[in-house]
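This is the structure, below, for whatever I ask next.
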Amino acid sequence: MRNARIDGEDFRIILHVLSVSVWLGGQIVMGAIVPMVRKTNPEALSAISRGFARVAWPFFGLAVFTGIWNLTSIDSSSTTIGWQALLGIKMLFVLLAGGAALIHQNTRKPAVAAVSATIALGASLVALSMGVALSA
């Protein structure tokens, strides 16, 4: 039977899963509501986007921090070259997700906003999938 206590490792993993959930879940929710808000109340879109950014970016930072924290707990001698390669690719997708989201947040061009949001969401989904594969 598993111990019911939460230790430091459990806490670190909970923080990481929570932060990724907020970052990725928020992108999905924003993708669903932005088209409706644009049609019904376009002047509110800027305030909604700023509110989302105030929540999403700290959680993105927490995901990166806890991801690095997770790496410090792994015995590198027990990882395979394939695992390390997948981790490196995952890190590239995390950077791509953050970079695309930053571009999306700072552009005024609708086409750039659409493409960068799609890339941010897609890269976040890939990074999540790779994270699950790495933890298995």
Side-chain angles (χ1 to χ4, degrees):
M1 179 174 210
R2 179 157 159 78
N3 188 347
R5 292 180 348 150
I6 294 178
D7 62 13
E9 181 178 354
D10 294 328
F11 179 70
R12 181 186 72 241
I13 293 168
I14 289 167
L15 281 179
H16 191 67
V17 170
L18 172 65
S19 61
V20 171
S21 297
V22 171
W23 172 256
L24 182 54
Q27 288 182 65
I28 292 168
V29 169
M30 287 296 286
I33 67 169
V34 163
M36 287 189 298
V37 172
R38 186 174 283 125
K39 287 180 185 174
T40 60
N41 196 1
E43 62 280 354
L45 199 53
S46 179
I48 291 168
S49 297
R50 283 192 310 275
F52 170 68
R54 278 194 307 272
V55 173
W57 283 113
F59 277 96
F60 180 80
L62 182 60
V64 170
F65 174 78
T66 55
I68 293 167
W69 186 8
N70 285 337
L71 288 176
T72 65
S73 70
I74 295 171
D75 178 12
S76 62
S77 65
S78 66
T79 60
T80 65
I81 298 295
W83 188 93
Q84 293 172 358
L86 186 59
L87 174 64
I89 294 168
K90 178 194 180 216
M91 301 292 268
L92 289 174
F93 275 96
V94 169
L95 289 172
L96 179 61
L102 193 60
I103 290 168
H104 175 77
Q105 181 178 326
N106 291 301
T107 189
R108 299 257 187 247
K109 298 179 180 179
V112 173
V115 170
S116 58
T118 302
I119 291 170
L121 177 60
S124 296
L125 286 167
V126 170
L128 170 69
S129 301
M130 290 180 165
V132 170
L134 289 166
S135 68

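All values below were derived from every heavy atom in this structure, side-chain atoms included, with hydrogens, water molecules and symmetry-related copies excluded.
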Exercise for review: For A53 and P58, work out which heavy atoms get closest and say how close.
Suggested key: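 Residues A53 and P58, closest heavy atoms: O-CD, 3.8 Å.
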Review point. Taking a hydrophobic cluster as the set of Ile, Leu, Val, Met, Phe, Trp and Tyr residues connected by side-chain heavy atoms closer than 4.5 Å, whether directly or through intermediates, do L87 and I89 fall within one such cluster?
Key: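 Yes.
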**Study point:** Heavy-atom donor-acceptor pair, T107 side chain to H104 backbone, under 3.5 Å
**Key:**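 Not at all, since once roles are kept as given, no pair shorter than 3.5 Å links the two residues.
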Check your understanding: Where do S21 and V17 land on the side-chain contact (heavy atoms from CB on, under 4.5 Å) test, with the steps shown first?
Key -> CA-CA 6 Å; S21 297; V17 170; 4.0 Å; yes
Point to revise | Cluster overlap V126 with L121, hydrophobic side-chain contacts below 4.5 Å | key: no
Exercise for review: To the nearest 0.5 Å, tell me how far D7 CG sits from I13 CD1.
Suggested key: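 Reported to 0.5 Å precision, the distance equals 8.5 Å.
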Exercise for review: Grab the two heavy atoms, one from S46 and one from R50, that are nearest each other, plus how far apart they are.
Suggested key: OG-NH1, 2.6 Å
Review point. Per the side-chain contact (heavy atoms from CB on, under 4.5 Å) rule, which among T72, N70, L71 passes with I74?
Key: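 Checked T72, N70, L71 against I74; only one passes side-chain contact (heavy atoms from CB on, under 4.5 Å): L71.
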Review point. Considering all heavy atoms of both residues, which atom of G31 and which atom of P35 are nearest to each other, and what is their separation?
Key: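 Looks like O-CD, 3.3 Å.
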Revision key, fill the gap. Minimal heavy-atom distance between A127 and F93, with the atoms involved, is CB-CB, 4.2 Å
Point to revise | Common cluster, M91/M130, ILVMFWY with side-chain heavy-atom separation under 4.5 Å | key: yes
Review point. Going only through I, L, V, M, F, W and Y residues with side-chain contacts under 4.5 Å, is there a path from V20 to L15?
Key: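 Different clusters.
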Practice item. Using atom types as modelled and distance alone, determine if a side-chain donor or acceptor of N41 lies under 3.5 Å from a backbone N or O of V37. Key: no
Practice item. Could you tell me which non-hydrogen atom of A101 sits nearest to which non-hydrogen atom of A120, and how far apart they are? Key: N-CB, 3.7 Å
Check your understanding: Side chains of E9 and S73: is there a donor and an acceptor less than 3.5 Å apart?
Key -> no
Review point. Roughly how far, to the nearest 0.5 Å, is CG of L18 from CG of L62?
Key: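 L62 CG to L18 CG: 7.0 Å, rounded to 0.5 Å.
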Point to revise | Same cluster (ILVMFWY, side-chain, under 4.5 Å), L134 and L96 | key: yes
Point to revise | Ring geometry between W69 and F65 (parallel below 30°, tilted from 30 to 60°, perpendicular above 60°) | key: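 Tilted: the ring planes of F65 and W69 meet at 30° to 60°.
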Exercise for review: Compute the ring centroids of W23 and F59, then answer whether they are less than 6.0 Å apart.
Suggested key: no
Review point. So, does S49 use its side chain to make a donor-acceptor pair with the main chain of L45 at under 3.5 Å?
Key: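 It does hold such a pair.
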Exercise for review: Quick one: closest heavy-atom pair of I33 and I48, and the distance?
Suggested key: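 Here I33 and I48 meet closest at CD1-CG2, 4.2 Å.
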